[in-house]
**Q** 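Can you read through this structure? Questions will come right after.
All ligand and atom numbering here is 1-based and tracks the order in the structure.
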Amino acid sequence: MAPHPKRLIVTIDGPAGTGKSAVSGLLADRLGVQCLDTGAMYRSVALLAIRAEADPGDAESLLRLIDRHDIGFDWTQRPPVATIDGSPVEASIRDAEVGRVVSIVAAVPAVRAALVEAQRCIAAERLQLVSEGRDQGSVVFPDAEVRFFLTADPGVRVGRRVMQLQQAGREVDPQAVRAEIDTRDAIDSSRSVGPLMCPEGAIEIDTSALTLDEVVDRLEQEVRSTVADRVRPSC
Ligand code: DC
């Protein structure tokens, strides 16, 4: 079936600390569409596993949790707030403990299959979406209208993540942040299903020397020049 003439899926993939979340939210605002933080969905499954004291690598237990709970978003908020069974979980899914196990959860093929399907359903309902993660342009929406892959030097990425955590009022040890990012990158890039990679044909942008606004400007220009007829005019 041909896609809806107004459909607009913009994918933004890349490793931790490249600014994907902030960029996605701002780009979605400028385009007048919603944004989808797919990492929040993997984090929600990790949180459920921790709460249930389940093995984060055990497919059966995780699928049972996904079946029994509603992993979603409050779409009335901008950006949408992650929810489990309708209750907001944004603060809990950013906990260090969730950060430690989420890559294990995200490497389980059955979990990925369930969340990929959920992400496609969300896109079908929303029609226009900026979707960010690790596999959005490669696996979930390979036919997206515009696909981006963001990169940045490792030192820059650690610095950004440290600042993000400090702004959220967390105590931060930069060395621990670096170790966590390195470990997560290694697991995310080497898993058998949906590994972190630059999707073929995606626009790759090194954000190391760019401000947040400069990155968003660049992405907005690319989207507008590719699908001007599907986007509301710029202010
Ligand atoms: O972007 P983030 O740090 O919130 O992502 C949390 C984890 O989920 C990270 O280990 C990568 C994984 N993830 C994934 O495997 N696929 C996605 N589409 C999004 C996130």
**Q** Quickly, which of Thr18, Asp185, Thr151 forms a side chain to side chain donor-acceptor pair (under 3.5 Å) with Arg157? Name it, please.
**A**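 One option only clears the test, and that one is Asp185.
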**Q** Does Arg43 come within less than 4.0 Å of Asp95, counting only side-chain N to carboxylate O?
**A** no
**Q** Between the side chains of Thr38 and Gln119, is a donor N or O closer than 3.5 angstrom to an acceptor N or O?
**A** no
**Q** Please assess Arg161 against Asp173 for the test salt bridge (Lys or Arg N to Asp or Glu O under 4.0 Å), listing each intermediate value before the final yes or no.
**A** CA-CA 11 Å; Arg161 188 42 72 100; Asp173 168 7; over 6 Å; no
**Q** Working to the nearest 0.5 angstrom, can you tell me the gap between Ile12 CD1 and Leu219 CG?
**A**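 The CG atom of Leu219 is 5.0 Å from CD1 of Ile12, to the nearest 0.5 Å.
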**Q** Salt bridge (Lys or Arg N to Asp or Glu O under 4.0 Å), that's the test. Do Arg134 and Asp13 meet it? Break it down for me.
**A** CA-CA 5 Å; Arg134 305 294 192 284; Asp13 292 302; over 6 Å; no
**Q** Identify the protein atoms, limited to N or O, that lie within less than 3.5 Å of an N or O atom of ligand 1, and list each pair with its distance to 0.1 Å.
**A**
from, atom 1, to, atom 2, distance (Å)
ligand 1, 1 (O), Arg134, NH1, 2.9
ligand 1, 3 (O), Arg43, NH2, 3.1
ligand 1, 3 (O), Arg184, NH1, 2.9
ligand 1, 4 (O), Arg43, NE, 2.7
ligand 1, 10 (O), Ser103, OG, 3.1
ligand 1, 10 (O), Asp188, OD1, 3.3
ligand 1, 10 (O), Asp188, OD2, 3.2
ligand 1, 15 (O), Arg112, NH1, 2.8
ligand 1, 15 (O), Arg112, NH2, 3.4
ligand 1, 15 (O), Arg191, NH1, 2.9
ligand 1, 15 (O), Arg191, NH2, 2.9
ligand 1, 16 (N), Arg112, NH2, 3.0
ligand 1, 18 (N), Thr38, OG1, 3.0
ligand 1, 18 (N), Arg134, N, 3.3
ligand 1, 18 (N), Asp135, OD1, 2.8

